[in-house]
Amino acid sequence: MPELPEVETLARGLRSSLVDRTFVAVDVRWEGCLSPADRGAFARRLTGQTVLAIGRRGKWLRMTLSGGDTLLLHPRMTGQVLLSEEPIEDERHVRAVFSLDDGSKLAFVDMRKFGRVCLVEDPDIILSELGPEPLADDFTAASLQAMLAARRGRIKPLLLDQRFLAGLGNIYADEALWRARINPLRTANTLTAKEVRRLHRAIRSVLRAAIARGGTTLSDETFRQVDGEPGGFSIELAAYGRGGEACSRCRSTIERIRLGGRSTHYCPSCQPEP
DNA sequence: AAAGCACCCTGTACGC
DNA sequence: TGCGTACAGGGTGCTT
């Protein structure tokens, strides 16, 4: 499931191939992936626009276009963005194919149909709803401390709230809390200054490490880099998906619970109960 | 403000 | 073998 490191991996993988390329045709095979869901208007407006820049905000992939528009893509659970020279092996889940002026094709593949592609004039209408970027210079331990001060909910669901902080999903929220040795059930505003500093470091270090590995590809293989290769961070996962296994730090058994409707993995010994 | 739930969706795993 | 069910979860929207 793509989170910040996976979308960053996509943006980096696309940049060298797509910047300065012009869209010459769009084949939307499932109109529901578009917002608004109008394949005719989408194709007419996108065709002829050149990609000026590719970036990321939270879990959104962002392409700045020559006509003043921005193409935003959110992969949600199973969305994949593939630069394909050869046809895709399994065509069933291809939702849209974009043809570029050099003959290359960009495919949006999404088994569960949760992902969305938006062509907008003003991306800030969508992106300004997001919380701070965890890897930005202005996200500091002090700013995190201030953000947590008024929050009386539990820390794990808060980390998943994109309006609070942009880009963390279920995998990296669990990994960050494990690295920081903070129990996911802790009330957010009861973290000590020391714990907040640990959490701040943990969030940034786990995201950077995952980007360096090209993201996380789980056994369900829902994430792929733009060339189809899996991400390599799975081997470094310490908590997520490791319920019942020994904690790599203390050898206690990793617990798996449900929290806020999501599976949550933590070490009851390293991350003691509140 | 916070928590819980249904919903969107489909492939996989499991019990019978 | 095959059928029904639970589960996976990012985000939205609703109720409590």
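Throughout, protein chains are lettered first and strands after them, A, B, ... in sequence-line order, and every chain is numbered starting at 1. Values below: every heavy atom of this structure, side chains too, minus hydrogens, waters and symmetry copies.
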*Determine whether more than 12 heavy atoms belonging to other residues, nucleotides or ligands lie under 6.0 Å from atom CZ of A:R208.*
yes
[N] [atom2] sits how many Å from [X] [atom1], rounded?
| X | N | atom1 | atom2 | value |
| --- | --- | --- | --- | --- |
| A:F164 | C:dG10 | CZ | C1' | 18 Å |
| A:L165 | C:dG11 | CG | P | 12 Å |
| A:L72 | C:dG11 | CG | P | 14 Å |
| A:Q162 | C:dG9 | CD | P | 15 Å |
| A:M77 | C:dT12 | CE | P | 15 Å |
| A:Q80 | C:dG10 | CD | P | 16 Å |
| A:R112 | C:dG10 | CZ | C1' | 11 Å |
| A:F114 | C:dT12 | CZ | P | 13 Å |

*Can you check whether A:V226 reaches A:L106 side chain to side chain, under 4.5 Å on heavy atoms?*
no
*Identify the residue among A:E6, A:E3, A:R179 that makes a side-chain hydrogen bond (donor to acceptor under 3.5 Å, both in side chains) with A:Y172.*
A:E6
Select base, sugar-phosphate, or nothing to describe what [X] touches, counting heavy atoms under 4.0 Å on all strands.
| X | result |
| --- | --- |
| A:Y240 | sugar-phosphate |
| A:R258 | sugar-phosphate |
| A:T78 | nothing |

*Side chains of A:R21 and A:S104: is there a donor and an acceptor less than 3.5 Å apart?*
no
*Terminal axis angle for the helix from B:dA2-C:dT16 to B:dC16-C:dG2, five pairs an end, nearest 10 degrees*: 60°
*For A:F108, the option from A:L82, A:V117, A:V28, A:V97 that meets side-chain contact (heavy atoms from CB on, under 4.5 Å)*: A:V117
*asked:* Against A:N170, only a single residue in A:L159, A:L160, A:L259 fulfils side-chain contact (heavy atoms from CB on, under 4.5 Å); can you say which?
replied: A:L160
*Should A:E8 and A:R12 count as an ion pair when the cut-off is N to O under 4.0 Å?*
yes
_Grouping I, L, V, M, F, W and Y whenever their side-chain heavy atoms are under 4.5 Å apart, do A:L34 and A:V94 come out in a common cluster?_
no
*First and last nucleotide of DNA chain B touching chain A, 5' to 3', heavy-atom cut-off 4.0 Å?*
B:dA2 to B:dG11
*Hey, do the aromatic rings of A:H200 and A:F139 have their centres closer than 6.0 Å?*
yes
*Where each residue is assigned the nucleotide of DNA chain B containing its nearest heavy atom, which of A:G261 and A:W30 is assigned the position nearer the 5′ end?*
A:G261
*Ignoring backbone atoms, establish whether A:H74 has a side-chain N or O less than 4.0 Å from OP1 or OP2 of C:dG10.*
no
